[in-house]
Amino acid sequence: QKHLLGIEPLRSEEITTILDLADRYAEMERGTQKHGDALTGLTQINMFFEASTRTQASFEIAGKRLGADVMNMAMAASSLKKGETLIDTALTLNAMHPDLLVVRHPHSGAVNLLAEKVNCAVLNAGDGRHEHPTQALLDALTIRRAKGRLHRLNIAICGDIAHSRVARSNILLLGKMENRIRLIGPPTLMPAGVAEWGVEVYDNMAEGLEGCDVVMMLRLQKERMDGAFIPSEREYYHRFGLDAEKLAAAKPDAIVMHPGPMNRGVEIDGTIADDINRSVIQEQVEMGVAVRMAVMDLLARNLRACRTPQGVMA
Ligand code: CP
């Protein structure tokens, strides 16, 4: 692949290749030698048009650990404020010959559009409610390391499915790896057409979590709700917030996940989030660096293979 725009175009073997390399980077990260040279001589530009803590920081750390020259564009202080379009901004940066462009944007499809206009590798760091591929990959790596496999698991994704790019990318990835996926949440927060997705749908946590191996909680994404029904947080927590009582329906060794940022007391009880015997939320963050190292390493190999001696894409 030239870009990483989503999970949708990836084959299961390609996902396994990424996870195997990320696993090696995760072990390297835990050792004393954290640095490699896979991106030496390459320029990585991070363009985040929407707030981020985990994704932006881990892409920056991943690039620096592998030797890239990393630039974080301060989008709020860019010429977008003077009316420049997304495409003109991208073409301007493209003229400076970056090799890797990491983009987060509030509009679904914006990153794919941008990828058509530039001649470097583009990585989707989350676009609207469409996809967040590196989040799904880091979630998959976390599950594989915790459970010893990434197939035939009962996986519940709970909460605001309709507005979640994390849910969409995870449903695609975990489905390709032949897991049984259950979506749990209020009917008003389920996407249209979910019945055709090959998943089971529940609006009751105790029923949906019965016998699950993995419980993945999601934040209420109010910034993308545009007028949709928002339950009161108190009522939402009562019915869909993960607490010890609801978690008891899952398998005793079920792991608890959350992509962050978390709203404690809304979708998850703080003691569950902090329970090191159940929660793998900090491992998810840790695997984020390793996965981003792996995907940039693999895209860089492809870039180098496609370049002519004059440095122009073939
Ligand atoms: N999970 C995730 O995308 O977090 P950030 O918004 O902090 O990057």
Side-chain angles (χ1 to χ4, degrees), residues 4-7 18-19 22 26 44-65 70-76 100-111 122-143 145-146 155 157-174 185 214-225 242 255-264 266-268 272-274 279-296:
L4 178 66
L5 299 176
I7 297 298
I18 294 169
L19 298 185
Q44 171 190 339
I45 300 181
N46 297 334
M47 298 168 72
F48 279 67
F49 297 87
E50 209 186 59
S52 170
T53 296
R54 283 146 283 269
T55 313
Q56 181 161 3
S58 60
F59 263 115
E60 180 176 355
I61 290 170
K64 286 180 173 168
R65 292 252 164 90
V70 184
M71 188 185 85
N72 289 309
M73 277 291 295
M75 300 318 302
L100 300 156
L101 211 48
V102 179
V103 187
R104 169 170 287 191
H105 199 278
H107 294 143
S108 304
V111 183
V122 176
L123 295 100
N124 183 358
D127 63 323
R129 60 176 81 175
H130 175 225
E131 280 234 38
H132 192 349
T134 55
Q135 179 69 46
L137 288 161
L138 75 87
D139 290 340
L141 183 59
T142 307
I143 295 170
R145 288 169 68 101
I155 301 175
I157 305 177
C158 314
D160 179 6
I161 313 289
H163 304 98
S164 174
R165 56 197 176 209
V166 174
R168 191 172 144 71
S169 289
N170 264 303
I171 291 164
L172 288 165
L173 191 157
L174 297 168
V214 176
V215 183
M216 189 181 291
M217 302 308 298
L218 299 171
R219 181 175 63 88
L220 283 176
Q221 289 162 76
K222 293 181 182 167
E223 71 274 24
R224 276 190 274 282
M225 286 191 182
L242 187 67
I255 56 169
V256 174
M257 307 181 74
H258 193 305
M262 251 187 302
N263 291 133
R264 291 168 185 258
V266 180
E267 71 270 7
I268 191 166
I272 299 285
D274 296 335
S279 167
V280 293
I281 294 169
Q282 295 309 320
E283 281 87 339
Q284 287 174 267
V285 177
E286 183 185 2
M287 293 309 123
V289 176
V291 156
R292 287 159 183 138
M293 290 167 88
V295 294
M296 290 197 289

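Ligands are counted one by one from 1 in listed order, and the atoms in each one are counted from 1 as well. It should be emphasised that the depicted structure is a prediction, and the values quoted were computed from it without experimental measurement.
Checking only distances, G260 does come within under 3.5 Å of ligand 1, N or O to N or O. Residue Q56 places no N or O, backbone or side chain, under 3.5 Å from any N or O of ligand 1.
Proximity to Q135 (heavy-atom distance under 4.0 Å) selects the following atoms of ligand 1: 1 (N), 2 (C). Which parts of ligand 1 touch T53 is read off a 4.0 Å heavy-atom cut-off, strictly below it: atoms 5 (P), 7 (O), 8 (O).
Of the protein's non-hydrogen atoms, the one nearest atom 6 (O) of ligand 1 is R104 NH1, 2.9 Å. Looking from atom 4 (O) of ligand 1 to the surrounding protein, the closest heavy atom is R54 NE, 3.1 Å. If you check which protein heavy atom lies closest to atom 2 (C) of ligand 1, you get T55 OG1, 3.5 Å.
The shell of residues lying under 4.0 angstrom from ligand 1, judged by heavy atoms, includes H132.
D160 has no carboxylate O lying under 4.0 Å from a charged side-chain N of R129, or vice versa, which leaves the two without a salt bridge.
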Trace of the salt bridge (Lys or Arg N to Asp or Glu O under 4.0 Å) decision for E50 with R165: CA-CA 14 Å; E50 209 186 59; R165 56 197 176 209; 2.7 Å; yes

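Between N46 and Q56, the side chains place no donor N or O within less than 3.5 Å of an acceptor N or O (distance only, hydrogens not considered).
Once rounded to the nearest 0.5 Å, the distance linking CD1 of I171 with CE of M216 reads 9.5 Å.
With F48 as the aromatic partner, R104 does not meet the cation-pi criteria of under 6.0 angstrom to the ring centre and within 45 degrees of the ring axis.
Atom CD of E223 sits in a crowded spot, with more than 12 heavy atoms from other residues, nucleotides or ligands closer than 6.0 Å.
Of the residues listed (I155, V280, V215), the one engaging I255 in a side-chain contact (heavy atoms from CB on, under 4.5 Å) is V280, and it is the only one.
Selection from P259, A125, S52 by nearest heavy atom to atom 1 (N) of ligand 1 gives P259.
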